[in-house]
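Contents: one structure, followed by commentary.
Atoms considered below: every heavy atom in the structure, side chains included; atoms not considered: hydrogens, waters and symmetry mates. Chain letters run A, B, ... following the sequence lines, proteins first and then strands; every chain starts at 1.
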Number of protein chains: 2
Amino acid sequence: MENKREIFHVLTRRLGLLDKNCCAVGNFEISIVQSHILYEIDKHFEPSMQQIAEILAIDITTFSRQIQTLVKMDLVKKTPSTIDKRVSILSLTVQGKFVATNIDHSMNAYLDEVFSHLNEFERETVLRSLQLLNEAMSKSSVCCKPLY
Amino acid sequence: MENKREIFHVLTRRLGLLDKNCCAVGNFEISIVQSHILYEIDKHFEPSMQQIAEILAIDITTFSRQIQTLVKMDLVKKTPSTIDKRVSILSLTVQGKFVATNIDHSMNAYLDEVFSHLNEFERETVLRSLQLLNEAMSKSSVCCKPLY
DNA sequence: TCTAATAGTTGCAGTATGCAAGTAAAAATA
DNA sequence: TATTTTTACTTGCATACTGCAACTATTAGA
């Protein structure tokens, strides 16, 4: 059998590059991490800072500063929770939603292009396999903290 | 069909975390990027700086400094090429080779653990699929520069 | 009521990043 | 051969990312 690490090394590198392609929307140039933050805020209902930071396994202090930047860029809004005054609820601004949606579309377009190099059967097999892999990783003790 | 981006987003994040686990060998604490550099130097025959930087899609100036650090740590050796005096040939020191081998083993062990959550058939399907995906990405125009 | 725990922020110091501009050597051109 | 261009790599600089320690404010627990 092939060397697993070789395969994963290449895969990881390439996914990183694919990710990089996708963070310029109009005038906005955001970082990969920031695009992941927008993505997760969009996906969850009234998430707190802790929640998103934990999902993305970003240190809360780093995360706090990233959010400050995104707020300044008018992509994210921070609303104090009425239930617990310590908590800040995160949401996307109209502009933030626009950027997130745009990134989502272009990422899916990129992925479609990648998948166009496979036939229909391979496409389904690969997607199904990635889901299996994701599940296996979520069960793993060594990898990977985010508790989706 | 499931949302591709969702799957890839989770996958990318998890692979990143998996990668993070793996960079402490004895007293050495190296970064993910540095482990990738060691990996590629080990894999190629008498590679130049340009070559490795290009494979990893790291800016040459950043790469130059990373190499300086790794040389200081006595993990990498830089030898001027006799054929072209502009070129520096990279190689691993004994210690560098030791560290690279160690990382390789622990990464493979981590991957084995992840794969232990799959059955034999799934394991083979997933590995084969990842290879297909890697090939598709290498053919893609939008992703991903490294020209393995 | 007093103490402990939690959510988030800030200071700081170290590291990573990439553009612009540099050096030195090789290749191309005249 | 002499001159220009290109290539391989390095350094200066300015910016961004990172995480630990220490802080404030609030809530939960004893």
Side-chain angles (χ1 to χ4, degrees), chain A residues 12-13 16-17 19-21 23-24 28-38 40-41 44 46-73 75-91 145 147, chain B residues 12-13 16-17 19-21 23-24 28-38 40-41 44 46-73 75-91 145 147:
Chain A
T12 304
R13 275 270 138 200
L17 290 174
D19 234 15
K20 260 190 193 169
N21 274 333
C23 300
F28 288 100
E29 184 69 43
I30 66 173
S31 71
I32 292 179
V33 173
Q34 287 168 345
S35 87
H36 286 194
I37 293 172
L38 294 186
E40 292 297 340
I41 293 176
H44 291 83
E46 299 192 350
S48 70
M49 308 249 312
Q50 291 285 348
Q51 243 176 295
I52 303 293
E54 194 166 313
I55 286 170
L56 292 173
I58 300 173
D59 184 277
I60 188 67
T61 70
T62 300
F63 187 77
S64 172
R65 277 181 270 248
Q66 288 284 9
I67 291 296
Q68 283 170 35
T69 306
L70 289 169
V71 167
K72 268 181 214 148
M73 294 166 99
L75 298 176
V76 167
K77 200 179 142 196
K78 244 167 60 179
T79 315
S81 164
T82 49
I83 303 159
D84 184 336
K85 286 175 193 167
R86 294 169 303 179
V87 174
S88 288
I89 301 298
L90 299 174
S91 59
K145 271 176 283 179
L147 10 76
Chain B
T12 304
R13 275 269 139 200
L17 290 173
D19 233 16
K20 260 192 193 169
N21 275 334
C23 302
F28 288 100
E29 183 71 40
I30 66 173
S31 71
I32 292 179
V33 172
Q34 287 168 346
S35 87
H36 286 195
I37 293 173
L38 294 186
E40 292 296 341
I41 293 176
H44 291 84
E46 299 191 351
S48 70
M49 307 249 311
Q50 290 284 350
Q51 241 175 298
I52 303 294
E54 194 166 314
I55 287 171
L56 293 173
I58 299 173
D59 184 277
I60 188 68
T61 69
T62 301
F63 187 77
S64 172
R65 277 181 269 250
Q66 288 285 7
I67 291 296
Q68 283 171 35
T69 306
L70 289 169
V71 168
K72 268 181 213 147
M73 292 166 101
L75 297 176
V76 167
K77 200 178 142 198
K78 243 167 63 180
T79 314
S81 163
T82 49
I83 303 159
D84 184 336
K85 287 176 192 165
R86 293 170 304 177
V87 173
S88 287
I89 301 297
L90 300 174
S91 59
K145 271 176 283 182
L147 9 78

Each nucleotide N or O in nucleotides 2-12 of chain C that has a protein N or O under 3.5 Å away: list the pair and distance.
{"residue": "dT6(C)", "atom": "O2", "partner": "Arg86(A)", "partner atom": "NH1", "Å": "2.7"}
{"residue": "dG8(C)", "atom": "OP1", "partner": "Met49(A)", "partner atom": "N", "Å": "3.4"}
{"residue": "dG8(C)", "atom": "OP1", "partner": "Ser88(A)", "partner atom": "N", "Å": "2.8"}
{"residue": "dG8(C)", "atom": "OP1", "partner": "Ser88(A)", "partner atom": "O", "Å": "3.4"}
{"residue": "dG8(C)", "atom": "OP2", "partner": "Gln50(A)", "partner atom": "N", "Å": "2.7"}
{"residue": "dT9(C)", "atom": "OP1", "partner": "Lys78(A)", "partner atom": "NZ", "Å": "2.2"}
{"residue": "dT9(C)", "atom": "OP2", "partner": "Ser64(A)", "partner atom": "OG", "Å": "2.5"}
{"residue": "dT9(C)", "atom": "O5'", "partner": "Ser64(A)", "partner atom": "OG", "Å": "3.4"}
{"residue": "dT10(C)", "atom": "OP2", "partner": "Gln68(A)", "partner atom": "NE2", "Å": "3.1"}
{"residue": "dG11(C)", "atom": "O6", "partner": "Arg65(A)", "partner atom": "NH2", "Å": "2.8"}
{"residue": "dC12(C)", "atom": "N4", "partner": "Arg65(A)", "partner atom": "NH1", "Å": "3.4"}

Looking at Ser31(A), is its backbone amide N or carbonyl O close enough to the side chain of Gln34(A) to form a donor-acceptor pair, meaning the two atoms are under 3.5 Å apart? yes
In whole angstrom, give the distance that lies between atom CE of Met73(B) and atom C1' of dT15(C). 12 Å
Can you measure Lys20(B) atom NZ to dA16(C) atom P for me and round it to whole angstrom units? 14 Å
By side chain to side chain donor-acceptor pair (under 3.5 Å), which residues pair with Arg86(A), not counting sequence neighbours? Asp84(A)
Leu75(A) side chain reached by Ile30(A) side chain, heavy atoms, under 4.5 Å: yes
Could you tell me which residues satisfy side chain to side chain donor-acceptor pair (under 3.5 Å) with Thr62(B), sequence neighbours excluded, listed by chain and number? none
Closer to the 5' end of DNA chain D via nearest nucleotide, is it Thr82(A) or Ser31(A)? Ser31(A)
Distance check, rounded to the nearest 0.5 Å: Ile41(B) atom CD1 versus Leu90(B) atom CG? 4.5 Å
When rounded to whole Å, the NZ to P distance for the pair Lys72(B) and dT15(C) reads 10 Å
Within a strict 4.5 Å, meaning less than it, do heavy atoms of the Ile83(B) and Val87(B) side chains meet? no
Heavy atoms of chain A, cut-off under 4.0 Å: which first and last nucleotide of DNA chain D, 5' to 3', fall inside that, if you could look? dC17(D) to dT27(D)
Using the test side-chain contact (heavy atoms from CB on, under 4.5 Å), find all partners of Gln51(B) that sit at least two apart in sequence or belong to another chain. Pro47(B), Ser48(B)
Using the side chain to side chain donor-acceptor pair (under 3.5 Å) criterion, which residues pair with Thr79(B)? Sequence neighbours excluded. none
